[in-house]
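Below, read A as the first sequence line, B as the second, and so on, with proteins coming before strands; counting in each chain starts at 1. Heavy atoms only: backbone and side chains are in, while hydrogens, waters and symmetry mates are out.
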2 protein chains.
Amino acid sequence: MSNCSTAGPLDSLRQDDYELLARLAQRYYIDEQTQDQVAREFGLSRQKAQRLLKRARQAGVVAIHIEAPSWLRLDLESELRETFGLEEAVVAVAQANADADREAVAQRAARYLERQLRDGSVVAVGHGRTASAVARFFRPVDRLAVTFVSAMGGSPGADAPTNPNEVCRALAQGCGGRAESLYAPAYVEDAGVRSQLLAQAAVRSTLDMAAGADLALVGIGGVDDDCTMVRSGCLSREEVTWLGTQGAVGDVLGHYVDLDGRPLASPHHQRLVALPVEHLRRVKKVVAVASEPEKPAAVLGILRSGVVDVLVVDETNARAVLQAAARPRAGTATGRAPAGPMVPATRYQPSPAAKAATLSRAGRDAPGPHRR
Amino acid sequence: MSNCSTAGPLDSLRQDDYELLARLAQRYYIDEQTQDQVAREFGLSRQKAQRLLKRARQAGVVAIHIEAPSWLRLDLESELRETFGLEEAVVAVAQANADADREAVAQRAARYLERQLRDGSVVAVGHGRTASAVARFFRPVDRLAVTFVSAMGGSPGADAPTNPNEVCRALAQGCGGRAESLYAPAYVEDAGVRSQLLAQAAVRSTLDMAAGADLALVGIGGVDDDCTMVRSGCLSREEVTWLGTQGAVGDVLGHYVDLDGRPLASPHHQRLVALPVEHLRRVKKVVAVASEPEKPAAVLGILRSGVVDVLVVDETNARAVLQAAARPRAGTATGRAPAGPMVPATRYQPSPAAKAATLSRAGRDAPGPHRR
DNA sequence: ACCACGCATGAGCAATTGCTCAACGGCCGG
DNA sequence: CCGGCCGTTGAGCAATTGCTCATGCGTGGT
């Protein structure tokens, strides 16, 4: 894979100009003279030489090419960064199957974490199969005094290793750091229980610590029947399906968003025990991992919500997300209710216990991919 | 024609290092982030990022390519610059025939002069067909108050337009500047006449002015039967032939040198009325033009003498000179008398009048291509 | 012919970059 | 096991670079 700087109108230059530009560029870029020196040589002022050199680059007389290894997708990564205002995007080259894709993504994410973490770092951790896989690959060369904090409650059901607490433990084990568990379920019966729980010192202190994290590692969840929320037993298949009918496309730490990145105030949200989005936003580097084959919509929505700073994703999803993002999206800043999947709240009896009325979807913070 | 920065050992890097280098380079060179930003992003110190970027360039991960027009020979020019320590080298692409070559060289030289000259500049001027052709192409966009000074005497014979005085006049006309003629023949009868002539205010003042020039435009002369010295009647065919047998390969302003660039103290030198080489060396930019097909040896010798700062030459000569220079040359700094064409002084009755004994070739300034 | 607009120009300054240097740490030999 | 050596690191500084601004020149429109 390779990448070039933008090539411009190479022909709109007269011969003489072209010659000057090329010669100037040769002296500056290849022979590594200073701008002052080349200017002197060509009988120009330094500023003029600088302007000409800039023009040479714009015009494509100077082409800078990165001889990247074939397994890097620097162009996709740049496109993701630019499209969604990300700080960093890492694309894992497509593998033979979904499992291999996940492993590849996890590996790249692990490498990224290893580079970022320092002694004393605090990492807020979410759940998910990919996040869990990250922990398996996370093996820094030397021990790191890093604290991993659960940023979401656990689940009673099966599929234990994808639990935030478990992921934390595995990550801490990988580097000789500390794991701070959140002793609470991801979803409780109702808002009342939730606020009681949040009042507990043990819960509150963990969430506070997560809120002060330097970095967050979260998985992007989907709304399909096989998503982590369902697999882990946090939500029932029906609940997730219903969320989908409400326009939800995916979540981060249980915070569901629609395709335009707007948070979805579903009744479930009242029952969620996790780091609030506003707190998550305050974390300097929110690293999201995503790799399942049916994730493009989830990733797109989450990226548009602007919570994510760093995305680690497989090549297939990356391409799909960029393609989807290129299509003009339904009304966002305009305030119009989007068409298509965004149906108004319908009759759904929330869940065995949650009785809170279906909330209107008005009055939320503006989405937009950029935030700081 | 194109040119790349040195490609290094691209394979001696591990995958991870390679990835880091490529990604760093992408962010810095393509996305135009500052080193500080990319360092921050990758969790490195600025210095480390800088070192890695440098390594990326050395290793060839970053390739800078100049998209030069096909009629530029930047690679040859760089090679000439480096081989002979030139400040600048301009190679005119090969044309259909020798005349066209000369025109091309003259045109490039004229463009170079136009770029270099400023109001108030003083230019010392030599003779020759190419120099004369330069004058024909010399047409700056706006008038320039430049003084062109003859740096060598004239010739009584035919081929008037190649005379320094004529070249000066033509150049001055080209830009609306002033021409300062040297009212003396290039070669006089004997050393006595020469010193008398040099004592004349008119001659001395012109040569003084030439000595103080900001730039010099000189032709590189050969030692063949058709060289300018012969054509213009300055020297007889026999005299030039004899100079050749003495090891002379070419001249600048009548100062002949051998293939190693050492000045040749021939009897003719005693009779020459021209700016002395030591003075010529003091001129900041000595621009030499050369274009005849039989010039490689002359150009090589002159370049090795180190008088020239800027060379404008045709492609054929450029290649021939570089090829010849690549071959190990006969003893130079070693002091041994070079083999081959360098025969010891032989019986030659200098000329109708010059009676000075053939001089030994000992005790000259060190040659070497570099000087300042 | 005059004026207004706009682009090019070079001065000066702030940011970025490259380099030097002392300190650190790991590695090898004693 | 200890000491010296080499490679690596980041601090600090000097050089280089990029940018902003006031000025001037040319161009085109009254």
Subject >> Per-nucleotide protein contact string for nucleotides 5-19 of chain C (B base, S sugar-phosphate only, - none; heavy atom under 4.0 Å) >> reply: ----BBBB---SBBB
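- Between A:Asp309 and A:Glu88, every side-chain heavy-atom pair lies at or beyond the 4.5 Å cut-off.
- The minimum heavy-atom distance between B:Val283 and B:Ala213, with the atom names listed, is CG1-O, 3.7 Å.
- At its two ends the helix from C:dA1-D:dT30 to C:dG30-D:dC1 runs along axes set 30° apart, each axis drawn from five pairs and the angle rounded to 10°.
- Looking only at atom types and distance, the side chain of A:Ser78 has a donor-acceptor partner in the side chain of A:Arg81 under 3.5 Å away.
- With B:Gln35 as reference, B:Gln50 is the one residue of B:Gln50, B:Arg40, B:Gln47 to meet the side-chain hydrogen bond (donor to acceptor under 3.5 Å, both in side chains) rule.
- Side-chain contact between B:Val149 and B:Val123: absent, with no pair of heavy atoms (C-beta onward) separated by less than 4.5 Å.
- When all heavy atoms of B:Ala131 and B:Val289 are compared, the pair lying nearest together is N-CG2, 3.9 Å.
- Contacts of B:Gln107 classified as side-chain contact (heavy atoms from CB on, under 4.5 Å), with partners at least two apart in sequence or in another chain: B:Arg111, B:Phe137.
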